[in-house]
Amino acid sequence: MASFRVGNAVRQFSTTAVRGQQTHLAKAPIQVFGLEGRYAHAIFSAATKQKQLAAVEKELSSIGEMIKQNKQFAEFLKNPLLKYQLKQAALTEILKKMNVGSVTANTFGVLAEHGRLKNTESILRAFGKIMGAVRGEVLCKVTTAKPLDAASLRELQGALQGFLEKQQVLQLETKVDASIIGGMIVSIGDRYADMSIQTKIKSFTNVIKQAV
């Protein structure tokens, strides 16, 4: 039922934003799943059809920064006690002062109407993933037990570049998690490899348990 409501909201948004054009979604270079992904794809489609993709990305980036820097604004978006009409009216004024285009304005009108303003940050992140893929960026997340030194980081980047096509750009994120004990966990694009000592120990333990 929730999925049905989200689907209706997304179709409503896409139709509103690109009124008079075909209502099927413009295809993004990657698929982002979940509620945030559905809205992000609708935003991408509407912005693409109106040839406002760069402008919408800039506007949404500014709103994302406002959420990070203005605690009161962030709480306003997440407050479940405020009626959507009040939120919608306040946002209309804010967005008017920011001089945003129709796609961004319609986005927040639909989010307010369907009680999804609380999901704004995750929707903006999902849209950012799509735009990163448009630019050929490939996100790679690497988790290690200890921070990598400069030499190890350069070696890792060189190895990861081998997974990319010529026009793609590596966006590397590193994370330290002492619980994996050693080795590393790597996710790049849709590939995932768990080479942690923690996982190897669990595997050995399971083998031993099955043998006993």
Side-chain angles (χ1 to χ4, degrees), residues 2-3 6-7 10 25-45 47-48 53-54 56-58 60-61 63-65 67-69 74 77-78 116 118-212:
S3 176
V6 171
V10 169
L25 296 181
K27 188 174 181 180
I30 60 169
Q31 183 74 25
V32 183
F33 298 97
L35 180 145
E36 62 272 18
R38 295 184 186 189
Y39 279 101
H41 280 284
I43 296 168
F44 174 82
S45 178
T48 299
L53 199 54
V56 169
E57 182 183 22
K58 186 176 181 181
L60 295 184
S61 178
I63 293 169
E65 284 302 311
I67 294 172
K68 290 178 184 177
Q69 296 175 12
L77 294 177
K78 294 178 180 178
R116 296 300 180 185
K118 61 187 177 183
N119 303 106
T120 297
E121 288 181 278
S122 62
I123 291 169
L124 296 186
R125 282 195 297 271
F127 181 75
K129 288 180 181 178
I130 293 174
M131 291 307 298
V134 169
R135 290 187 290 270
E137 297 172 1
V138 177
L139 179 61
C140 177
K141 297 182 180 181
V142 177
T143 303
T144 55
K146 295 180 180 179
L148 296 171
D149 57 35
S152 297
L153 190 58
R154 283 194 300 272
E155 184 179 354
L156 176 63
Q157 288 174 323
L160 292 172
Q161 282 293 155
F163 290 94
L164 306 184
E165 296 180 14
K166 189 174 182 180
Q167 72 276 16
Q168 293 180 320
V169 180
L170 180 69
Q171 295 292 317
L172 180 61
E173 291 183 8
T174 59
K175 175 185 175 182
V176 176
D177 182 358
S179 70
I180 72 170
I181 305 173
M184 65 177 62
I185 300 172
V186 180
S187 67
I188 179 169
D190 57 359
R191 299 184 179 98
Y192 179 86
D194 187 342
M195 300 171 284
S196 66
I197 292 177
Q198 178 193 45
T199 298
K200 290 179 181 178
I201 291 173
K202 286 182 179 178
S203 297
F204 292 148
T205 302
N206 288 336
V207 170
I208 292 170
K209 284 182 178 178
Q210 290 172 4
V212 172

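Fair warning: this is a prediction, and the values are worked out from it, not measured in the lab.
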S.K.: Can you pull the side chain to side chain donor-acceptor pair (under 3.5 Å) pairs that have at least one residue in residues 119-128, sequence neighbours excluded?
M.R.: Lys78-Glu121
S.K.: Is there a side-chain contact between Ile43 and Ile123 in this structure, where contact means two heavy atoms from C-beta onward sitting under 4.5 Å apart?
M.R.: yes
S.K.: Give me the atom names and distance for the closest heavy-atom approach of Ala133 to Ile30.
M.R.: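 Taking Ala133 first and Ile30 second, the nearest heavy atoms are CB-CG2, 3.6 Å.
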S.K.: With sequence neighbours left out, what residues match Lys202 under salt bridge (Lys or Arg N to Asp or Glu O under 4.0 Å)?
M.R.: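 Salt bridge (Lys or Arg N to Asp or Glu O under 4.0 Å) check on Lys202 returns nothing, list empty.
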S.K.: Checking the side chain of His41 only, and the main-chain atoms of Gln31 only, is there a donor and an acceptor separated by less than 3.5 Å?
M.R.: no
S.K.: Can you tell me how far apart CG (Leu153) and CG (Leu172) are? Round to the nearest 0.5 Å.
M.R.: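 Leu153 CG to Leu172 CG: 6.0 Å, rounded to 0.5 Å.
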S.K.: According to the salt bridge (Lys or Arg N to Asp or Glu O under 4.0 Å) rule, which pairs have a member within residues 128-141, sequence neighbours left out?
M.R.: Glu57-Arg135, Arg135-Glu137
S.K.: Between OG of Ser179 and CD1 of Ile197, what distance do you get to the nearest 0.5 Å?
M.R.: 12.0 Å
S.K.: By side-chain contact (heavy atoms from CB on, under 4.5 Å), which residues pair with Val138, not counting sequence neighbours?
M.R.: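 Testing Val138 for side-chain contact (heavy atoms from CB on, under 4.5 Å), a comparison that skips the adjacent residues, returns Leu164, Gln168, Ile188.
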S.K.: What are the two closest non-hydrogen atoms of Ile67 and Ala74, and how far apart are they?
M.R.: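 Answer, listing the atom of Ile67 first, then Ala74: O-CB, 3.6 Å.
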S.K.: Name all residues meeting the side-chain hydrogen bond (donor to acceptor under 3.5 Å, both in side chains) criterion together with Ser196; count only those two or more places apart in sequence or in a different chain, and write none if there are none.
M.R.: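 With neighbours one apart ignored, the set is Asp194, Thr199.
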S.K.: Compare all side-chain heavy atoms of Leu60 with those of Met131 and state whether any distance is below 4.5 angstrom.
M.R.: no
S.K.: What salt bridge (Lys or Arg N to Asp or Glu O under 4.0 Å) pairs are there with at least one residue in residues 149-175, not counting sequence neighbours?
M.R.: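 Sorted result for residues 149-175: empty, none.
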S.K.: What are the two closest non-hydrogen atoms of Met184 and Thr144, and how far apart are they?
M.R.: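 Heavy atoms of Met184 and Thr144 come nearest at CB-CG2, 3.8 Å.
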S.K.: Looking at every heavy atom in both Lys27 and Phe44, which two are closest together, and how far apart are they?
M.R.: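 Answer, listing the atom of Lys27 first, then Phe44: O-CE2, 3.5 Å.
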S.K.: CE of Met195 to OG1 of Thr143: how many Å apart, nearest 0.5 Å?
M.R.: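 If I round to the nearest 0.5 Å, the distance is 10.5 Å.
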S.K.: How far apart are the closest heavy atoms of Ile181 and Gln198, and which atoms are they?
M.R.: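 Nearest heavy atoms, Ile181 then Gln198: CD1-CA, 4.2 Å.
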S.K.: Kindly give the heavy-atom pair with the smallest separation between Cys140 and Val186, and that separation in Å.
M.R.: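 That would be SG-CG1, 4.0 Å.
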